Engineer: 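Sharing a structure below in structure tokens format, with a few things to ask.
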Amino acid sequence: MQRTYTLSELSTFLRRPERELKTLAEKGVLHGRVRQGEWVFDLPSVAEWMEEEITRADLAMSKKLENAVANASDEILDDDNFLRNMMSVDLIDLQFAARTKASALSRMALLAENCGRLWDAAAMTNALREREEMSSTAFDEGFAILHPRRPQPDILPENFLAVGISPGGIPFGAARGSRTKVFFLLCCQSDESYLRALGRLTRILKHPGFLDQLLECKTPFETLNLFEDAETATLD
């Protein structure tokens with residue numbers, strides 16, 4: 001996937017009208033710069049905007065944005081199961097013991113490091129903290145999608161998705177003050193793979209009843225099976 005886009009190229013990539021994107025850029029919602037009289041957008045800035053779009057969008061729009069990234073990407077991924085393939089039983093903690101926001105960040109990073117999916121938990125914890133300082137990744141529905149602001153390929157051997165379940169929940173910054181019970185740690189080696197995974201995860205989370213079923217899982221194997229079934233359902 002290319003790293004910069006003109007307004008026309010971004011319109012084609014996202015399948016959104018140029019006028020709409022230009023208005024967003026002029027308002028500072030979509031960050032870009034004017035170069036020689038033409039708007040230019042860097043992929044990391046586009047990724048930040050798409051992150052907000054994907055998480056706010058309905059199922060149809062989430063799928064559209066995910067497909068846009070997939071069609072423009074040079075990465076070869078198993079489209080049917082690529083999110084499930086980022087997971088494993090040792091990346092799932094159904095008795096997540098964090099009691100504060102700070103401990104939740106460090107414990108999720110340590111969970112990944114202990115599984116060999118992360119080489120530097122301290123560096124990832126700092127990256128997660130910096131992202132949370134921008135705005136909380138917690139949603140009122142009781143989950144948070146932890147991730148660094150930028151990909152961390154130097155400390156990741158591969159893309160992964162970790163899951164921590166805190167039965168009682170903890171205050172994590174959700175807009176309405178609700179407690180967060182489900183913590184996802186989504187780490188990818190590129191913006192492209194991150195956006196694809198985020199789109200797929202968001203669509204799974206939007207399916208009615210999924211979060212309730214997730215909280216009822218008794219074993220990591222049951223959790224993996226739930227994700228596999230849900231991911232398959234998003235492709236129908």
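Since the model is a prediction, treat every value here as computed from it, not as a measurement. Note that the numbering runs from 1 along the sequence shown for the chain.
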Engineer: Given side chain to side chain contact (heavy atoms under 4.5 Å, CB included), test Trp49 with Val29 step by step and report yes or no.
Structural biologist: CA-CA 7 Å; Trp49 174 74; Val29 176; 3.9 Å; yes

Engineer: Side chains of Leu186 and Leu146: does their closest heavy-atom pair fall under 4.5 Å?
Structural biologist: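 Contact flag for Leu186/Leu146 side chains = no.
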
Engineer: With clusters defined by side-chain heavy atoms of hydrophobic residues (ILVMFWY) lying less than 4.5 Å apart, directly or transitively, does Leu224 cluster with Phe160?
Structural biologist: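 The answer is no; the residues belong to distinct hydrophobic clusters.
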
Engineer: Hydrophobic clusters here meaning ILVMFWY residues chained together by side-chain heavy-atom distances under 4.5 Å, can you tell me if Ile145 and Leu226 are in one?
Structural biologist: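 Both belong to a single hydrophobic cluster.
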
Engineer: Just how far is it from atom CG of Leu128 to atom NZ of Lys101, taken to the nearest 0.5 Å?
Structural biologist: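 So the CG of Leu128 and the NZ of Lys101 are separated by 11.0 Å.
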
Engineer: Write down the atom of Ser135, the atom of Arg131, and the distance for their closest heavy-atom approach.
Structural biologist: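 Between these two residues, the closest heavy atoms are O-NH1, 2.8 Å.
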
Engineer: Check Asp93, Leu214, Thr223, Ile92 against Ile165 for a side-chain contact (heavy atoms from CB on, under 4.5 Å) and give me the one that passes.
Structural biologist: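 When side-chain contact (heavy atoms from CB on, under 4.5 Å) is applied between Ile165 and each of Asp93, Leu214, Thr223, Ile92, only Leu214 qualifies.
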
Engineer: Which value, rounded to the nearest 0.5 Å, describes the distance between Cys188 atom SG and Arg196 atom CZ?
Structural biologist: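 With rounding to 0.5 Å, SG (Cys188) is 10.5 Å from CZ (Arg196).
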
Engineer: What's the spacing between Arg16 CZ and Leu30 CG if we round to 0.5 Å?
Structural biologist: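 Going from CZ on Arg16 over to CG on Leu30, the span is 9.5 Å.
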
Engineer: Given the rule in the side chain to side chain donor-acceptor pair (under 3.5 Å) test, do Ser11 and Ser8 qualify, once you have shown the distances and angles that lead to the verdict?
Structural biologist: CA-CA 5 Å; Ser11 174; Ser8 176; over 6 Å; no

Engineer: Rounded at 0.5 Å granularity, tell me how far CZ in Arg129 sits from CG in Leu105.
Structural biologist: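 Reported value, rounded in 0.5 Å steps: 6.5 Å.
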
Engineer: With clusters defined by side-chain heavy atoms of hydrophobic residues (ILVMFWY) lying less than 4.5 Å apart, directly or transitively, does Leu161 cluster with Leu185?
Structural biologist: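 No, it is not one cluster - the side chains of Leu185 and Leu161 are not joined through contacts under 4.5 Å.
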
Engineer: Can you check whether Pro148's main-chain N or O pairs, donor with acceptor, with Arg150's side chain at less than 3.5 Å?
Structural biologist: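 No; zero donor-acceptor contacts below 3.5 Å.
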
Engineer: If hydrophobic clusters are built from ILVMFWY residues whose side chains come within less than 4.5 Å, do Leu24 and Tyr5 share one?
Structural biologist: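 In one cluster with Leu24: Tyr5, yes.
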
Engineer: Heavy-atom distance under 4.5 Å between the side chains of Arg107 and Leu111, does that happen here?
Structural biologist: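 Heavy-atom side-chain distance check fails, nothing below 4.5 Å.
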
Engineer: Tell me the ring-ring contact (aromatic ring centres under 6.0 Å, His included) pairs involving residues 174-193, sequence neighbours left out?
Structural biologist: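 Residue pairs with at least one partner in residues 174-193: Phe96-Phe183, Phe172-Phe183.
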
Engineer: When you measure from the side chain of Glu18 to the backbone N and O of Leu7, does any donor-acceptor pair fall under 3.5 Å?
Structural biologist: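 No; judged by distance alone, with no hydrogens or angles, the pair does not exist.
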
Engineer: To the nearest 0.5 Å, tell me how far Met108 CE sits from Met124 CE.
Structural biologist: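 Result: 11.0 Å between the selected atoms.
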
Engineer: Hey, is the main chain of Arg200 close enough, under 3.5 Å, to the side chain of Glu231 for a donor-acceptor pair?
Structural biologist: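 Side chain of Glu231 to backbone of Arg200, a donor-acceptor pair under 3.5 Å: no, none is there.
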
Engineer: Please examine the side chains of Ser166 and Thr180, heavy atoms only from C-beta on, and report whether any two atoms are closer than 4.5 Å.
Structural biologist: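 No, side chains not in contact.
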
Engineer: Please tell me whether Ile204 and Tyr194 are part of a single hydrophobic cluster in this structure, the criterion being side-chain heavy atoms less than 4.5 Å apart.
Structural biologist: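 Yes.
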
Engineer: Write down the atom of Trp119, the atom of Asp154, and the distance for their closest heavy-atom approach.
Structural biologist: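 Heavy atoms only, the tightest pair is CE3-O, 3.4 Å.
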
Engineer: Is there a donor in the side chain of Arg117 and an acceptor in the side chain of Ser88, or the other way round, less than 3.5 Å apart?
Structural biologist: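 On atom types as modelled, these side chains qualify, holding a pair under 3.5 Å.
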
Engineer: Going through the checks in order, is the side chain to side chain contact (heavy atoms under 4.5 Å, CB included) test met by Phe227 and Met87?
Structural biologist: CA-CA 9 Å; Phe227 267 89; Met87 304 176 69; 3.7 Å; yes

Engineer: Between Ala144 and Ala138, what is the shortest heavy-atom contact and its length?
Structural biologist: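 Scanning both residues completely, I find the closest heavy atoms to be CB-CA, 3.8 Å.
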
Engineer: Could you pull out the closest heavy-atom pair between Asp140 and Ala175, with the gap in Å?
Structural biologist: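 It is OD1-N, 3.3 Å.
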
Engineer: Kindly say whether Glu132 contributes a backbone atom to a donor-acceptor pair with the side chain of Ser136 at under 3.5 angstrom?
Structural biologist: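 Flag not set: sc Ser136 to bb Glu132 has no pair under 3.5 Å.
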
Engineer: Quick check: are there more than 12 heavy atoms from other residues, nucleotides or ligands sitting under 6.0 Å from NZ of Lys22?
Structural biologist: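 Counting neighbours around NZ of Lys22, 12 or fewer heavy atoms of other residues, nucleotides or ligands fall under 6.0 Å, so no.
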
Engineer: Please report the C-alpha distance between Trp39 and Arg33 in whole Å, then the side-chain angles of each, then the deciding distance to 0.1 Å, and finally whether the side chain to side chain contact (heavy atoms under 4.5 Å, CB included) criterion is met.
Structural biologist: CA-CA 6 Å; Trp39 279 100; Arg33 63 186 186 279; 5.6 Å; no

Engineer: For the pair Asn159 (side chain) and Gln189 (backbone), establish whether a donor and an acceptor sit closer than 3.5 Å, ignoring hydrogens and angles.
Structural biologist: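 Indeed, once roles are kept as given, a pair shorter than 3.5 Å links the two residues.
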
Engineer: Do Cys187 and His147 touch side chain to side chain, with heavy atoms closer than 4.5 Å?
Structural biologist: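 Sidechains of His147 and Cys187: no contact.
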
Engineer: Among Thr4, Thr6, Leu10, find the one that has a side-chain contact (heavy atoms from CB on, under 4.5 Å) with Phe41.
Structural biologist: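 Of all the options given, the one that passes is Leu10.
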
Engineer: With sequence neighbours excluded, what pairs up with Thr100 under the side chain to side chain donor-acceptor pair (under 3.5 Å) test?
Structural biologist: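 With sequence neighbours excluded, Thr100 shows a side chain to side chain donor-acceptor pair (under 3.5 Å) to Ser103, given in chain and number order.
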
Engineer: Does the side chain of Lys181 reach to within under 4.5 Å of the side chain of Pro167, using non-hydrogen atoms?
Structural biologist: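 They are not in side-chain contact.
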
Engineer: With a 3.5 Å distance limit and no angle check, can you tell me whether Thr125 reaches the backbone of Ala121 through a side-chain donor-acceptor pair?
Structural biologist: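 Side chain of Thr125 to backbone of Ala121: a pair is present.
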
Engineer: Once rounded to the nearest 0.5 Å, what's the spacing between atom CG of Asn85 and atom CD of Glu158?
Structural biologist: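 That separation rounds to 10.0 Å.
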
